[in-house]
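For reference, the structure discussed in these notes is given below.
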Amino acid sequence: MSGKNALWVPGTDHASIATEAKVVNKLKEDGINKDDLSRDEFLKHAWEWTDKHGGIILNQLQKLGASCDWDRTCFTMDEVRSRGVIKSFIDLYDQGYIYRGIRMINWDTKAQTAVSDEEVIYKEVQSKLYYLRYKIEGTEDEYVTIATTRPETILGDTAVCVNPNDERFRHLKGKRVLVPLINRSIPIIEDEYVDMEFGTGCLKITPAHDINDYEIGMRHNLKSYDILNDDGTMSEAAQIYIGEDRFDVRKKIVVDLEKAGNLVKIEDYTNKVGFSERTDDIIEPKLSTQWFLKMKGLSKPALDAVMNDEVVFHPKKFKNVYRHWMENVKDWCISRQLWWGHRIPVYYLEDGSFVVAETAEQALEKAKEKTGNANLTMNDLRQDEDVLDTWASSWLWPITVFDGFEDNEDINYYYPTNDLVTGHDIIFFWVARMIIAGYHFKGKYPFKNVYFTGMVRDKLRRKMSKSLGNSPEPLKLIKKYGADGVRVGMLLCSPAGGDLLFDDSLPEQGRNFANKIWNAFRLVKGWEVSSDIEQPESAKQAIMWFEQKLNQTIALIDDHFSKYRISDALMTVYTTFWQEFSSWYLEAVKPAYQQPLDAETYKATVEFFDKLLRLLHPFMPFITEEIWQLLDERKEGESIMVSDMPVASKTNNEVVEQFEMIKEVVGNVRTIRKEKNLPMKEQLSLSVLSANGDYSSTFDAVMEKLANLKEINKVSGKVEGALSFMVKTNEYFVPMDGLVDVEAEIKRLEDELKYQQGFLKSVTAKLSNERFVNNAPEAVVAKERQKQADAEAKIKTLQASIENLKK
RNA sequence: GGGCGAUUAGCUCAGUUGGUUCAGAGCACUUGGUUUACACCCAAGGGGUCGGGGGUUCGACUCCCUCAUCGCCCA
């Protein structure tokens, strides 16, 4: 509508862990065990599942009227995107950013895969702190006591650690203790990591199952026993309870420890435990061989770009969150022990060495080259069984949607893109990594702006979740309130980066607005138009005003859009349509019952309506198109979608301000009607007393119509037996034929006088403050002087009126 | 434990570089309304010491400090 080549590429990712888990479950229901399937057979099921469910979100977007280029719909696992992922892997490997190594990773025992740090959700849980005593080797009954929340892990202990500054344990230096139940002899070591205040001040060290213990183990050259199998049962290394589940063992071992005399006490304890984002399994820190991406150097340009606003965050407050993460970024574990995903393009030889290549054929070539053995065959190569983290494909999105690892017109034209719209919950998962990838692979940011939408929550501020069942079903909402209603309702109260507490009243408000637009259309379309009648003065004036009001609105909307204040832009057009257009303008031009409307006014009204529809179209695509087509003759194929967005011309502010006064006068007259029980139908007279004789009658005709006046008299003195009110410095009188309650009127005027006097006092105080007059900008001072003059005039008028009434 | 952010009307939130007696919007509420576009409506209204305290300034919802409460992120 603004003449830009606007492209919104729709697409979905393959959500590897979540999808694989769903497919495994579904297979289980069908009596099929994943392990009994070949990789290819399993993938067939996964594709079937994806075909069935992957389109749901796109369908919802379509129903919502999202203006995407649907022909370009992408999927992270489709051919083009996959090619890009593999290429990027090879590129990063060749440049030394990707490495394979044994590291402490987060292990999901349900999905039986590693997950990244970002996929671990820490939750507070009520647990127990177990105090256990370890016998000191070579003594009869000397012990040290440690505290742990995970007693089963003692089977993997390889040391007990105390703080070297801890006087209490001086005597233990160089001694050894025995691990309860299995009587393994382990050393007592010293490390400043130990918090002397916590527990007993003695810490058991299990390098294989805790990240901190792992680091201490590295520092002290400790052995490490991995006592857990991948499925969370105890391994042979545990020596006892082999094959039993970790949580069953926790219960059992406490009983056994008590029997053996090693249990000192149990305390209630609240601690944070990591859960898998996808399976909700309790994450096990585990030593494992995985693929990693070095992040530090790679992320530097991306950090700088956001900090210096080369990439602009809306709202800005997320810059800090971003910086904090980027400055502490750790290497990214990108391998997953799954089948659903991009298989890692690494091919191993018999001897464990490997080559990295796009295809098996290329791998074979590389392998021959590497080994100097020309007789190698495919059978000598074994591709890595693992796949890549889903985000390792999503992070390339701004590039791969344009097939950007190949040179082509699209990527050159569209990259870098303008705006990313997303939720702040994936600022690390996605946003940060896309920026990193953009700079690395394209040498330039992937998008200029990041707009963080509001996050929809329920009324209790809880996130929408399937398990809570608190998420409204989009298609149902659309059915009930209309797509436009849902869009408007949600967007009206959804500032960037804030929370949006969902309630049915939201889409309801949107629906009501759509209804209002429709009714306004019915009114306009229902008028009988006659070119024989003359245009009433009131209509002429209303048109003159609304033209300027609309100009002002357009300028304001433009300003909001330029600042990414989407809700404000919508609210502006919302109130303009409802308040200004429907309640003021249409009422002002509306002909009397069953009377025709003059052609000129009709034409202007349709033009205004047309412009308003176009301003509304980005927010309400369906109703605006429908009405736009019916509002006027349209050519074949014409659509509001590609009509011109109205452009603001210079606003005559004086006209707008004058009309605001008219509104105030009309409002005052209506109040008088209500207070005095004067029916709307009864015509009233209005007299105006202008303090300095500069009363403008520009909008008198409109005023007469809207307040239902039979006349407006300019007077030069107070009107007796009338109710009065002031707007700016003008005084207005509505004659009452003796209906005036003098006492009440005096009281009202005195209240007003009191207020004005207080006001004048504050303004005068300000103006008599030399420092204010000297320091404040001239415009501010001038304004204050104007206020002072107005207040003085008003006070004079009020005093005179009161005197008059008291006579 | 570390960091970030919030606290404005009954509710959800604006308040755009400190400057109208400025405290605003929507919803909700009250009152009145069968004016044939709309009761999913119209009109009029009530309602907030801008979390507490202190400071800077001629001037603070806005800047600084502090306390309280809440939320989020990270360990």
Side-chain angles (χ1 to χ4, degrees), chain A residues 117-118 120-122 195 198 211-212 272 274 315 317-325 327-328 330 424-425 427-428 454-455 457 459 461 463 481 485 489 492-495 497-503 505-506 508-527 559-560 562-565 567-568 570-572 574-575 578-579 582-583 586-587 590 592-594 666-675 677 679-681 708 755-756 758-763 765-777 779-784 786-788 790-791:
Chain A
D117 294 339
E118 287 68 34
V120 181
I121 313 288
Y122 288 88
D195 179 356
F198 184 81
I211 181 67
N212 298 307
K272 295 246 177 151
K317 66 177 177 185
F318 288 108
K319 278 170 77 171
N320 275 329
V321 181
Y322 179 86
R323 187 185 64 213
H324 191 252
W325 187 78
E327 282 175 349
N328 299 290
K330 306 220 175 59
H424 64 255
D425 54 335
I427 186 168
F428 311 133
M455 298 286 294
R457 294 168 180 278
K459 269 181 279 189
R461 268 188 198 285
K463 273 189 182 173
Y481 299 107
L492 269 177
C493 59
S494 167
D499 284 341
L500 194 169
L501 274 55
F502 181 81
D503 185 273
S505 69
L506 267 45
E508 200 177 293
Q509 189 188 350
R511 190 256 336 250
N512 292 353
F513 182 48
N515 202 46
K516 183 72 189 178
I517 298 171
W518 181 254
N519 280 313
F521 166 70
R522 278 182 49 206
L523 173 71
V524 172
K525 220 40 197 176
W527 282 331
D559 185 53
H560 284 319
S562 74
K563 290 170 180 158
Y564 286 73
R565 302 163 72 99
S567 294
D568 290 333
L570 173 56
M571 184 55 87
T572 303
Y574 174 93
T575 51
W578 203 316
Q579 250 64 258
S582 299
S583 296
L586 288 180
E587 291 301 329
K590 191 160 133 184
Y593 182 49
Q594 286 191 335
V666 172
N668 271 297
V669 174
R670 283 173 179 162
T671 309
I672 288 175
R673 279 183 191 279
K674 194 185 171 193
E675 279 172 1
N677 268 322
M680 276 297 170
K681 282 177 185 163
N708 196 18
Y755 173 87
Q756 290 296 338
F759 176 58
L760 178 65
K761 201 174 151 198
S762 84
V763 176
K766 204 181 259 188
L767 281 167
S768 52
N769 184 335
E770 263 180 54
R771 280 187 291 184
F772 169 71
V773 180
N774 295 336
N775 294 328
V780 175
V781 178
K783 253 185 193 172
E784 293 298 315
Q786 182 61 49
K787 283 194 293 189
Q788 187 183 34
D790 285 357

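Throughout, a chain's letter reflects where its sequence line sits, starting with A, and its residues are numbered from 1.
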N/O to N/O distances under 3.5 Å, protein versus nucleotides 34-36 of chain B:
unit_1	atom_1	unit_2	atom_2	d
B:rU36	O2	A:Tyr593	OH	3.3
B:rU36	N3	A:Tyr593	OH	2.1
B:rU36	O4	A:Tyr593	OH	2.9

Report, one pair per line, the protein and nucleotides 1-4 of chain B atoms (nitrogen or oxygen only) whose separation is under 3.5 Å.
unit_1	atom_1	unit_2	atom_2	d
B:rC4	O3'	A:Asn320	ND2	3.3

Is there any protein nitrogen or oxygen under 3.5 Å from a nitrogen or oxygen in nucleotides 12-16 of chain B, and what are the pairs?
unit_1	atom_1	unit_2	atom_2	d
B:rC13	OP2	A:Arg461	NH2	2.7
B:rG15	OP1	A:Arg565	NH2	3.4
B:rU16	O2	A:Lys563	NZ	3.4

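In this structure, A:Tyr574 and A:Phe513 have tilted ring planes: the angle between them lies in the 30° to 60° band.
The minimum heavy-atom distance linking A:Thr572 with A:Asp568 is given by the pair OG1-O, 2.7 Å. Summarising the geometry of A:Leu492 relative to A:Ser567, their closest heavy-atom pair is O-CB, 3.9 Å, with the distance given to 0.1 Å. What you find for A:Leu506 and A:Leu501 is that their closest heavy atoms are CD2-O, 3.7 Å.
The distance from atom CZ of A:Arg522 to atom P of B:rC40 is 14 Å, rounded to the nearest whole Å. Separating the CG atom of A:Asp425 from the P atom of B:rC73 is a distance of 9 Å, rounded to the nearest angstrom. The CD1 atom of A:Ile427 sits 12 Å away from the P atom of B:rC73 (whole-angstrom rounding). Taking atom CG of residue A:Asn708 and atom C1' of nucleotide B:rA43, one finds them 14 Å apart after rounding to whole Å. A straight line from NZ of A:Lys319 to P of B:rC73 spans 22 Å, rounded to a whole angstrom.
The C1' atoms of B:rC13 and B:rU8 are separated by 9 Å, rounded to the nearest whole Å. Look at the C1' atom in both B:rU17 and B:rG53: the space between them is 28 Å, to the nearest Å. Rounded to the nearest Å, the gap between the P atom of B:rA9 and that of B:rU66 is 26 Å. For the P atoms, the distance linking B:rA43 with B:rA28 amounts to 15 Å, nearest Å. Atom P of B:rC67 sits at a distance of 42 Å from the matching atom of B:rC29, rounded to the whole Å. Using P as the reference atom, B:rG5 and B:rG48 are 31 Å apart when rounded to the nearest Å. Comparing B:rG51 with B:rC61, their P atoms sit 10 Å apart, to the nearest whole Å. For the C1' atoms, the distance from B:rU62 to B:rA6 is 15 Å, rounded to whole Å.
A sub-4.0 Å separation between OP1 or OP2 of B:rC41 and a side-chain N or O of A:Asn512 is present.
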(request) In sequence, state the C-alpha distance, the side-chain angles, and the governing distance for A:Asn515 and A:Asn519, and then conclude on side chain to side chain contact (heavy atoms under 4.5 Å, CB included). (result) CA-CA 6 Å; A:Asn515 202 46; A:Asn519 280 313; 3.6 Å; yes
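Judged as a side-chain hydrogen bond (donor to acceptor under 3.5 Å, both in side chains), and not counting sequence neighbours, the contacts of A:Asn708 are A:Gln683. The side-chain hydrogen bond (donor to acceptor under 3.5 Å, both in side chains) test applied to A:Lys319 returns A:Asp309, not counting sequence neighbours. Considering only residues two or more places apart in sequence or on other chains, A:Glu327 meets the side chain to side chain contact (heavy atoms under 4.5 Å, CB included) condition with A:Leu303, A:Arg323. Remark: A:Lys330 pairs with A:Asp117 by the side chain to side chain contact (heavy atoms under 4.5 Å, CB included) rule, at least two apart or across chains. Looking at residues two or more places apart in sequence or on another chain, you find a ring pair (Phe, Tyr, Trp, His ring centres under 6.0 Å) between A:Trp325 and A:Phe428. Remark: A:Ser505 engages A:Asp503 in a side chain to side chain contact (heavy atoms under 4.5 Å, CB included) (not counting sequence neighbours).
Using a 4.0 Å heavy-atom distance criterion, A:Ser583 is classed as a sugar-phosphate-only contact. Looking at heavy-atom distances under 4.0 Å, A:Phe521 makes no contact with the nucleic acid at all. Note on A:Phe513: nothing from the nucleic acid sits closer than 4.0 angstrom, heavy atoms only. Within 4.0 Å (heavy atoms only), A:Arg670 reaches sugar-phosphate atoms of the nucleic acid but no base atom.
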(request) Starting at the 5' end of nucleotides 59-66 of chain B, put B wherever the base has a protein heavy atom under 4.0 Å, S where only the sugar-phosphate does, and a dash everywhere else. (result) --------
(message) For nucleotides 22-32 of chain B, give me one character per nucleotide, 5' to 3': B if any protein heavy atom sits under 4.0 Å from the base, S if the only such contacts are to the sugar-phosphate, - if neither.
(response) ---SSS---B-
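The residue among A:Asn212 and A:Arg457 whose nearest nucleotide of RNA chain B is located toward the 5' end is A:Arg457.
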(request) Kindly express the pairing pattern of RNA chain B in dot-bracket notation, using | wherever a base pairs with another strand and counting only Watson-Crick or G-U pairs under 3.5 Å. (result) (((((((..((((.....[....)))).(((((.......))))).....(((((..]....)))))))))))).
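Between A:Leu570 atom CG and A:Thr575 atom OG1 the span is 9.5 Å, to the nearest 0.5 Å. For the atom pair OH (A:Tyr481) and CZ (A:Arg511), the distance works out to 6.5 Å, reported to the nearest 0.5 Å.
Look at B:rU21: its glycosidic torsion is within 90° of 0, and that puts it in the syn range.
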